[in-house]
Amino acid sequence: MAPHDFWQELHRPGTFAGDGEFTSFYVAVLEDGRQLRLPIRELADGDRGALASLIVNQASFLVLDALAESLAEKIRPMRIDVVAGLPTLGLTLAAAVAQKLGHSRYVPLGTSRKFWYRDELSVALSSITTPTQQKRLYIDPRMLPLLQGRRVALIDDVISSGASIVAGLHLLTGCGIEPVVIGAAMLQSERWRESLAAAGPQWSARTVGVFATPILEQNARGRWQASPAWRAI
């Protein structure tokens with residue numbers, strides 16, 4: 001596949017083999033059986049493992065629509081009043097989920113400080129894809145009335161290490177806002193559970209995703225498969 005071909009098409013159930021071994025791409029499976037091909041990215045931390053990658057703002061509108069619809073259906077029973085989105089990629093999904101829920105708008109959090117923002121309405125932010133960048137996560141003070149006293153869903157595109165979602169939680173809870181649910185298109189490995197547990201015992205149970213992907217390791221034949229530790233969870 002050419003790099004720009006990923007995330008563009010959902011395939012019918014059973015299109016790709018389900019033997020658990022992968023070469024150039026990982027096959028993620030939605031709950032209805034449809035399959036989505038994801039590029040495999042080797043980790044840069046020396047662990048010699050890899051992860052399946054999803055960049056939702058590069059996905060086709062068809063794929064984005066399907067992911068947003070599935071996530072909206074998962075959180076619809078929670079009677080969400082407003083969706084808050086995490087930058088940068090989470091904003092694309094959050095806006096689409098809010099539309100699926102019938103909302104007229106959503107609340108984007110941001111990393112670009114506008115002159116009317118207040119430092120006390122910000123927290124430090126890092127992510128697995130930009131670990132060396134020193135950023136802060138802000139909430140526009142004008143948006144606070146839309147969130148306070150409401151049933152809020154906090155949305156990101158992918159939850160991996162949990163660093164970004166925990167930053168979002170700290171920002172909102174510091175403003176007196178406790179989300180009723182955390183949502184993502186992809187739950188990437190299980191590393192996020194420890195981070196969320198440290199933020200509060202309730203958060204792991206409040207987190208939902210459209211699909212989950214494992215940490216991958218190469219077997220003796222040079223193919224990628226889920227690590228034994230992930231398969232045991």
Side-chain angles (χ1 to χ4, degrees), residues 6-16 18 26-38 51-109 143 146-147 149-160 162 164-166 168-169 172 177-190 192-193 196 199-200 202-214 230 233:
F6 283 106
W7 316 304
Q8 301 307 301
E9 184 179 2
L10 286 169
H11 300 272
R12 291 180 298 178
T15 299
F16 301 102
Y26 178 85
V27 180
V29 181
L30 279 62
E31 289 186 354
D32 63 5
R34 286 180 295 173
Q35 298 177 321
L36 177 63
R37 290 182 291 180
L38 305 175
L51 293 170
S53 173
L54 172 68
I55 302 181
V56 76
N57 69 352
Q58 295 180 10
S60 69
F61 297 139
L62 181 149
V63 170
L64 173 61
D65 186 75
L67 296 177
E69 179 67 35
S70 181
L71 185 55
E73 287 305 305
K74 285 178 175 288
I75 68 176
R76 193 183 302 277
M78 302 169 193
R79 298 177 288 109
I80 301 302
D81 297 316
V82 61
V83 172
L86 277 166
T88 302
L89 301 180
L91 300 182
T92 299
L93 182 63
V97 169
Q99 287 183 304
K100 294 293 184 182
L101 292 173
H103 298 176
S104 61
R105 67 186 302 175
Y106 81 115
V107 173
L109 306 181
M143 298 294 104
L146 298 175
L147 298 171
R150 305 290 183 88
R151 295 179 65 82
V152 176
L154 180 61
I155 302 297
D156 204 355
D157 65 324
V158 175
I159 301 179
S160 184
S164 295
I165 207 74
V166 167
L169 286 174
L172 293 183
I177 301 157
E178 182 171 309
V180 297
V181 66
I182 296 167
M186 179 169 76
L187 302 178
Q188 190 180 60
S189 80
E190 296 284 335
W192 57 271
R193 292 189 183 276
L196 263 67
Q202 73 274 31
W203 295 119
S204 183
R206 292 189 192 182
T207 300
V208 299
V210 177
F211 61 87
T213 57
W230 193 86
I233 294 174

Subject >> From CG (L71) to CG (D157), nearest 0.5 Å >> reply: 11.0 Å

Original post:
Looking at OG1 of T88 and CG of N57, how far apart are the two atoms once the value is rounded to the nearest 0.5 Å?
Top reply: 8.0 Å

Subject >> Spacing of CG belonging to D65 relative to CD belonging to Q99, to within rounding of 0.5 Å >> reply: 9.5 Å

**OP:** Hey, could you give me the CH2/CG distance between W192 and D156, rounded to the nearest 0.5 Å?
**Re:** 12.5 Å

Original post:
Can you tell me how far the OG1 atom of T207 sits from the CD atom of Q202, to the nearest 0.5 Å?
Top reply: 9.5 Å

**OP:** State plainly whether the residues E31 and K74 are in salt-bridge range, i.e. N to O under 4.0 Å.
**Re:** yes

Original post:
Are side-chain heavy atoms of I80 and V152 found at a separation under 4.5 Å?
Top reply: no

Original post:
Distance from L38 atom CG to L54 atom CG, nearest 0.5 Å?
Top reply: 6.0 Å

Original post:
Counting only N and O atoms by type, is there a donor-acceptor contact under 3.5 Å from the side chain of R37 to the main-chain atoms of H11?
Top reply: no

**OP:** Kindly indicate whether the side chain of L147, heavy atoms from C-beta on, has any atom under 4.5 Å from the side chain of L172.
**Re:** yes

Original post:
Which residue, V181, V180, L169, forms the side chain to side chain contact (heavy atoms under 4.5 Å, CB included) with L154?
Top reply: L169

**OP:** Flag the pair L86 / I155 as yes when at least one side-chain heavy-atom distance between them is below 4.5 Å, and no otherwise.
**Re:** no

Original post:
Do V107 and V83 come close enough that some side-chain heavy atom pair is under 4.5 Å?
Top reply: no

Original post:
Between V210 and L30, is any pair of side-chain heavy atoms under 4.5 Å apart?
Top reply: yes

Subject >> Closest approach of L51 to S160 (non-hydrogen atoms, all atoms of both residues) >> reply: CD1-OG, 4.3 Å

**OP:** Using a 4.5 Å cut-off on heavy atoms from C-beta on, say whether the side chain of W7 contacts that of I55.
**Re:** yes

Original post:
Would you call L101 and Y106 a side-chain contact if the rule is heavy atoms closer than 4.5 Å?
Top reply: no

Subject >> Stepwise side chain to side chain contact (heavy atoms under 4.5 Å, CB included) check, V63 with L10 >> reply: CA-CA 6 Å; V63 170; L10 286 169; 4.2 Å; yes

Subject >> Where D81 and H103 come nearest, the two heavy atoms and their spacing >> reply: O-CE1, 3.4 Å

**OP:** May I have the step-by-step check of side chain to side chain contact (heavy atoms under 4.5 Å, CB included) for V97 and I75, ending in yes or no?
**Re:** CA-CA 10 Å; V97 169; I75 68 176; 3.9 Å; yes

Original post:
Is there a donor-acceptor pair under 3.5 Å between the side chain of Q58 and the backbone N or O of V56?
Top reply: no

**OP:** Would you check if the side chain of S70 reaches a backbone N or O of L67 as a donor-acceptor pair within less than 3.5 Å?
**Re:** no

**OP:** Kindly give the heavy-atom pair with the smallest separation between I159 and A184, and that separation in Å.
**Re:** CG1-CB, 3.7 Å

Subject >> Presence of salt bridge, E178 and R206, under 4.0 angstrom >> reply: yes

Original post:
Got a donor-acceptor contact below 3.5 angstrom from the Q188 side chain to the S53 backbone?
Top reply: no

Original post:
Does E9 reach the main-chain N or O of L36 with its side chain, forming a donor-acceptor pair under 3.5 Å?
Top reply: no

**OP:** Dump the intermediate steps for side chain to side chain contact (heavy atoms under 4.5 Å, CB included) on S189 and T213, then the final yes or no.
**Re:** CA-CA 6 Å; S189 80; T213 57; over 6 Å; no

Subject >> Heavy-atom pair of closest approach, residues A72 and K100 >> reply: CB-CB, 3.5 Å

Original post:
So, R151 side chain and M78 main chain: donor-acceptor pair closer than 3.5 Å or not?
Top reply: yes

**OP:** Would you indicate whether R76, at its atom CZ, is surrounded by more than 12 heavy atoms from other residues, nucleotides or ligands within a distance under 6.0 Å?
**Re:** yes

